[in-house]
Amino acid sequence: MSLTKVCEDLDALSGKQLQMLEGHTDWVTSVAFSSNDIHILSGSYDNSVRVWDALTGKELLQLEGHTIAVASVAFPPDGTNIVSGSYDQSVQVWDALTGKKLQELEGHTDQVTSVAFSSDGTCITSGSGYSVWVWDALTGKEQLQLEGHTDQVTGVGFSSDGTHIVSGSHDKSVRVWDVSTGKKLQQLV
């Protein structure tokens, strides 16, 4: 995998580069489209999160608050907020329109490698250390900590109905969790 200091917007059918979004001063680690395809979100080793106009490529916001590299970024389906996870052990929630930091989800004791919103935008999940965390997106309160991985969690995501979380890890496993109970439903190795 190649990490660069730019974001490229590519046509999915032709593979042709539509535009290059330049502004980050270090490797870009994570990118996402808003659900309406109007904005692009990027996180970088330069400790920043940036919001771009997907049509023009213009940088709209630069969000600063992380003290170490941003590892993961995500929009909720309604596009109103942004969540970012960082190697500084923090998860931060931002207003997508103003760039104001709304809250910091506290409790991680290891670098945060992945973040995601549930499909209804009410929950956030984060991967940190050997654990998967589930948060209330409105209050920022921890709801669950899912334990079972034996190495660094590298990716997390919600099912489309928000009832399950999938996590991947350096332990070479993919696990599926029930959000309501916190129980592991499947382990794929």
Side-chain angles (χ1 to χ4, degrees), residues 1-5 7 24 26-33 35 40-49 63 65-77 81-94 103-137 139-189:
M1 177 174 79
S2 172
L3 297 174
T4 65
K5 297 177 185 177
C7 299
H24 284 293
D26 211 334
W27 294 344
V28 174
T29 55
S30 183
V31 293
F33 267 107
S35 61
I40 295 173
L41 187 57
S42 60
S44 169
Y45 262 66
D46 66 10
N47 309 345
S48 76
V49 175
L63 314 178
H66 288 292
T67 58
I68 303 177
V70 176
S72 185
V73 295
F75 278 112
N81 293 333
I82 293 165
V83 65
S84 58
S86 169
Y87 295 155
D88 67 9
Q89 302 179 2
S90 76
V91 172
Q92 297 185 17
V93 180
W94 313 83
Q103 58 188 334
E104 186 166 330
L105 310 183
E106 297 180 355
H108 292 289
T109 57
D110 203 340
Q111 61 188 10
V112 178
T113 55
S114 186
V115 294
F117 273 100
S118 60
S119 59
D120 64 3
T122 61
C123 291
I124 294 169
T125 185
S126 56
S128 176
Y130 298 5
S131 302
V132 175
W133 300 57
V134 183
W135 307 87
D136 182 296
T139 66
K141 292 189 190 287
E142 177 188 334
Q143 294 182 319
L144 290 170
Q145 229 184 106
L146 310 175
E147 304 285 346
H149 282 291
T150 59
D151 206 338
Q152 180 74 43
V153 173
T154 56
V156 293
F158 277 96
S159 61
S160 61
D161 64 4
T163 61
H164 299 98
I165 290 174
V166 63
S167 59
S169 166
H170 281 284
D171 67 10
K172 303 178 184 76
S173 74
V174 174
R175 296 170 191 238
V176 179
W177 310 86
D178 183 296
V179 173
S180 63
T181 66
K183 290 185 180 179
K184 179 181 71 174
L185 300 175
Q186 287 184 296
Q187 180 173 334
L188 313 170
V189 281

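Sequence positions, counted from 1, serve as the residue numbers for this chain.
Under the 30°/60° scheme for interplanar angles, the aromatic rings of Trp133 and His108 are found to be tilted.
Each of Val70, Asn47, Asp46, Val49 was checked for a side chain to side chain contact (heavy atoms under 4.5 Å, CB included) with His24, and the lone residue meeting it is Asp46.
Annotation for Gln103 and Ala137: closest pair NE2-O, 2.9 Å, computed over non-hydrogen atoms. Of all heavy-atom pairs spanning Ser72 and Val115, the tightest one is OG-N, 3.0 Å. Considering every non-hydrogen atom in both Gly157 and Ala116, the closest pair reads CA-CB, 4.1 Å. Heavy-atom minimum distance, Trp177 versus Ser167: NE1-OG, 2.8 Å. The two residues Trp135 and Leu105 come nearest to each other via the heavy atoms CG-CD1, 3.5 Å. Contact record, Ser119 with Ser160: OG-O, 2.6 Å, taken as the closest heavy-atom pair.
Taken from OG in Ser131 to CG in Leu144, the straight-line distance is 11.5 Å, to the nearest 0.5 Å. The structure places OG of Ser48 at 8.0 Å from CG of Leu63, a figure rounded to the nearest 0.5 Å. Remark: Ser118 OG to Ile165 CD1 distance equals 8.5 Å, nearest 0.5 Å. Of the inter-residue distances, the one linking Tyr45 atom OH with Ile68 atom CD1 reads 10.5 Å to the nearest 0.5 angstrom. The distance from the CD atom of Gln186 to the CZ atom of Arg175 is 12.0 Å, given to the nearest 0.5 Å. Between the OG1 atom in Thr67 and the CD atom in Gln89 there is a gap of 9.0 Å [rounded to 0.5 Å].
Proximity of Asn81 to Phe117: side-chain heavy atoms (C-beta onward) are separated by under 4.5 Å at one or more points. At least one side-chain heavy atom of Thr154 sits less than 4.5 Å from a side-chain heavy atom of His170. Considering only heavy atoms from C-beta on, Val112 stays 4.5 Å or farther from Tyr87 through its side chain. Side-chain contact between Asp110 and Gln152 is present, with heavy atoms from C-beta onward closer than 4.5 Å.
Listed for the Ser128 side chain is a donor-acceptor partner under 3.5 Å among the backbone atoms of Gln111. One N or O on the side chain of Ser86 and one on the backbone of Ala69 form a donor-acceptor pair closer than 3.5 Å.
Under the salt bridge (Lys or Arg N to Asp or Glu O under 4.0 Å) criterion, Asp88 pairs with no residue at all, not counting sequence neighbours.
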